Each structure stands twice: as structure tokens, then as C-alpha cells.
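Down below is the structure, laid out as C-alpha cells.
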Number of protein chains: 2
Amino acid sequence: MEIDQHKSMKMTPQRIAIMKYLDGNVTHPSAADIYGSLRGEFPTMSLATVYNTMEILKEQGRVVELSIDPAKKRFDPNVGPHHHLICTQCSKVVDIFTEFPLGLTEDEKHGFKIVGNHVDFYGICGDCAAAEKERS
Amino acid sequence: MEIDQHKSMKMTPQRIAIMKYLDGNVTHPSAADIYGSLRGEFPTMSLATVYNTMEILKEQGRVVELSIDPAKKRFDPNVGPHHHLICTQCSKVVDIFTEFPLGLTEDEKHGFKIVGNHVDFYGICGDCAAAEKERS
DNA sequence: TATTAGTTGATAATGGTTATTATATGGAGA
DNA sequence: TCTCCATATAATAACCATTATCAACTAATA
């Protein structure tokens with residue numbers, strides 16, 4: 001994520017820290033994750049600042065909001081086309097960059113003007129599988 | 001949806017009504033949608049009963065919970081393999097039954113044991129496109 | 001019909017997100 | 001560099017979907 005000047009976005013230490021945190025981050029953090037990671041550096045930072053900043057980054061297309069986790073929003077600084085592997089136990093999300101042929105006929109589009117697509121794979125991640133084996 | 005006896009599920013008028021409402025329903029309703037649609041018939045019904053019933057139907061595999069809408073959970077009584085067309089403006093969700101080749105190599109699985117997948121297409125539905133044209 | 005385990009409905013509690021607002025400040029212009 | 005003000009921050013209240021609690025009720029079985 002380019003941490004440069006941007007039209008109508010005043011750069012503050014908090015925003016710079018959030019953008020640095022997101023740059024190259026592949027953990028798909030929630031607002032609380034971001035907040036928690038930056039509290040050490042900015043003890044007075046508010047969760048509202050995180051949400052506010054994410055909203056702006058979203059509008060600028062520098063971040064994508066994911067609906068992957070039913071419990072909370074998660075954010076993805078990788079805005080290029082890619083797909084996700086989701087652990088149904090621990091909610092871990094891993095990026096995959098495989099491309100799939102996802103063409104639809106006009107009929108299959110049901111009158112929609114398609115602008116994008118996304119593939120989610122569900123499964124059990126290695127860590128959770130190991131933990132399960134451990135318990136048995 | 002078969003509205004028959006089911007192991008460890010006591011059939012009540014409320015549950016029967018919810019299951020009838022879901023049977024063949026393609027609107028991917030939220031708990032509030034279901035509640036609102038049945039209030040006329042059951043003025044005393046509680047939202048808690050809807051959530052409780054959906055939880056049981058989910059456990060029984062008669063319904064799938066969707067994370068498509070960041071604002072609320074939505075439910076899909078169609079538990080067979082299919083994909084979704086999602087309107088980014090009105091959140092309408094339309095089913096499509098096209099099958100795509102979605103194989104992953106072992107490397108691409110990143111240690112996950114894959115159990116399923118789902119393709120979401122994003123776009124503007126016909127109604128929203130028409131409404132937009134109207135305004136301009 | 002009597003029994004009882006499971007369900008309902010009312011409502012409180014929870015947790016994530018959004019709104020509000022007084023105070024502080026980044027950054028453009030003097 | 002200094003001033004000024006539009007905008008951001010932080011604290012916290014409000015909001016809303018979901019979950020938890022529990023006393024009263026009831027479907028299912030004997």
C-alpha cells in the first residue's frame with residue numbers, strides 16, 4: 001500500500017500506522033485486530049479511528065471489505081483478483097491466486113451486469129487438523 | 001423442504017410455518033425477513049424462535065447460513081451445490097447452477113483439507129440498473 | 001390423561017459497527 | 001514560519017443483529 005499523499009485524505013500518524021500495518025498484510029484483519037496491533041504504538045487511539053480510516057481506504061479502493069466471517073468484517077489490502085481458502089474452524093483466510101474460467105452465458109447472468117467474482121474454498125487448515133488429531 | 005418428523009426436533013406450529021416459508025424460497029431471507037413474513041400468522045412469535053429454529057435446521061443440514069451480506073446473516077434452504085449472483089446495490093441474491101472446474105493443486109491447497117467451495121458473482125441487477133437510468 | 005423433555009416468548013446481555021461531538025491538528029495559504 | 005480552518009481524533013453513546021436466560025407452556029410418548 002502506497003503511503004503517499006492522497007486527494008482529500010489528511011495524513012495523520014494514526015492513518016500512516018494503519019496503512020503501514022496493512023501493507024503486505026495477508027491475515028485479513030478485522031477492525032479489532034488492527035486496533036489491537038496498534039495500541040502499543042498509539043495507546044490513545046480509538047476504534048472509531050480505525051473504522052473511519054478503513055471506510056476511507058475502502059472508498060479509495062485501497063482495501064476490500066470481506067463478508068467472509070459472519071461475526072465481523074475483515075479487510076483485505078490485496079485488491080487484485082484472487083480467491084480465498086477459509087478454515088471453517090478458526091476462520092483463518094489464505095489467499096490463492098489461481099485463475100478459474102468463470103464465464104456465464106447471458107441467461108445465467110439473469111439480467112445482472114457482472115463486475116466481478118470471487119471463489120471461496122472451505123476446509124480445515126493444517127493447524128486445526130493437527131489440533132484435532134492432538135485431542136483424539 | 002420436507003416438513004416431517006425429525007429426530008430430536010419437536011414440531012410446533014411456529015416451526016412448521018418457518019419450514020413452509022422456506023420451502024422453495026429463493027430470496028435468501030434474513031431472520032428478520034422470516035420473522036416479518038410470519039408475524040401476521042403468529043402475532044406473538046419471537047425473533048428468538050426464528051433464530052432457534054434456523055440454528056436447528058442448520059445443524060440438520062436443511063438450510064445453509066450465508067455470509068454474503070455484511071450487515072446480517074441470510075439463509076438458503078437450497079443446500080445443493082450452486083453459486084450466487086449478488087447485487088452490490090440492493091443485496092439481492094440470485095442462484096445459479098452452473099458448474100465450474102475449480103480444482104486446486106496440493107500446493108494451492110496450502111495444507112487445507114478442502115470440503116467445499118462457492119462462487120460469488122458481483123454486479124448490478126436489472127432492477128437497480130433500471131432505477132439508476134430512471135434517475136439520470 | 002399424565003408426564004416430561006424440549007420449545008416458546010419476553011427480555012436482557014453481548015458484541016460489532018456507526019453516530020455524535022468537543023477538542024486537537026495537518027496542511028494550505030499568508 | 002505562522003495562522004487559520006476544514007478535517008481528524010478520541011471518548012463514548014447509540015444502534016442493531018444475534019445470543020443467552022428463564023419461567024411458562026406444550027408436543028410427544030407412555
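Below, chain A is the first sequence line, B the second, and so on; all start at residue 1. Remember, it's a predicted structure, so these values are computed and weren't measured experimentally.
In terms of phosphate contacts, B/Arg15 brings a side-chain nitrogen or oxygen within less than 4.0 Å of OP1 or OP2 of C/dT8. Between B/Ser30 and the phosphate of D/dA17, there is no side-chain N or O to OP1/OP2 separation shorter than 4.0 Å. Applying the 4.0 Å criterion to OP1 and OP2 of D/dT18, one finds that A/Lys72 has every side-chain N and O outside that range. An OP1 or OP2 oxygen of D/dA27 is reached within less than 4.0 angstrom by no side-chain nitrogen or oxygen of B/Thr12.
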Verdict with supporting geometry, B/Asn25 and B/Thr27, side chain to side chain donor-acceptor pair (under 3.5 Å): CA-CA 6 Å; B/Asn25 187 305; B/Thr27 65; 2.6 Å; yes
Pair B/Glu108-A/Thr98, side chain to side chain donor-acceptor pair (under 3.5 Å): steps then yes or no: CA-CA 8 Å; B/Glu108 290 167 340; A/Thr98 313; 2.8 Å; yes
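When the nucleotides D/dT19, C/dT17, C/dT8 are ranked by their closest atom to the side chain of B/Tyr51, D/dT19 comes out on top. The side chain of A/Leu47 approaches C/dT17 more closely than any other nucleotide in the set C/dA19, D/dT18, C/dT17. When distances run from any side-chain atom of A/Thr49 to the nucleotides C/dG27, C/dA5, D/dA10, the shortest one goes to D/dA10. Side chain of B/Thr44, nearest nucleotide from D/dA10, C/dT7, C/dA10: C/dA10. Taking every side-chain heavy atom of B/Lys73 into account, D/dT19 is the closest of D/dA27, C/dT18, D/dT19. Taking the side chain of A/Lys10 as heavy atoms from C-beta on, and the options C/dT7, D/dA6, D/dT12, the nearest nucleotide is D/dA6.
The distance from atom CZ of B/Arg74 to atom P of D/dA17 is 13 Å, rounded to the nearest whole Å. Distance CD1 (A/Ile16) to C1' (C/dT25): 13 Å, rounded to an integer number of Å. Atom CE in A/Met45 sits roughly 23 Å away from atom P in C/dT23 (whole-Å rounding). Remark: P of C/dG15 and CG of A/Asp69 are 15 Å apart, rounded to the nearest angstrom. In this structure, the OH atom of A/Tyr35 is 9 Å from the P atom of D/dA10, given to the nearest Å. Spacing between atom CD of B/Glu41 and atom C1' of C/dT8 amounts to 16 Å, rounded to whole angstrom units. At whole-Å resolution of the value, CG in A/Asn52 and P in D/dT12 are 18 Å apart. For the pair A/Arg39 CZ and D/dA10 P, the interatomic distance rounds to 11 Å; values are reported in whole Å.
Between B/Ala32 and B/Pro13, it is B/Ala32 whose nearest contact on DNA chain D lies nearer the 5' terminus.
B/His84 has its ring centre less than 6.0 Å from the ring centre of B/His28.
Ion pairing between a basic and an acidic side chain is recognised when a charged N comes within 4.0 Å of a carboxylate O; B/Lys72 and B/Asp69 show such pairing.
A side-chain donor-acceptor contact under 3.5 Å links A/His82 and A/Asp95.
Here A/Val119 sits in one hydrophobic cluster together with A/Leu85, A/Val94, A/Ile96, A/Phe100, A/Leu102, A/Leu104, A/Phe112, A/Ile114, A/Phe121, B/Leu85, B/Val94, B/Ile96, B/Phe100, B/Leu102, B/Leu104, B/Phe112, B/Ile114, B/Val119, B/Phe121; the rule is ILVMFWY side chains under 4.5 Å apart, joined directly or through other members.
Counting non-hydrogen atoms under 4.0 angstrom, A/Gln14 reaches the backbone sugars and phosphates but no base. If you check every strand for non-hydrogen atoms under 4.0 Å, B/Ala71 touches sugar and phosphate atoms only.
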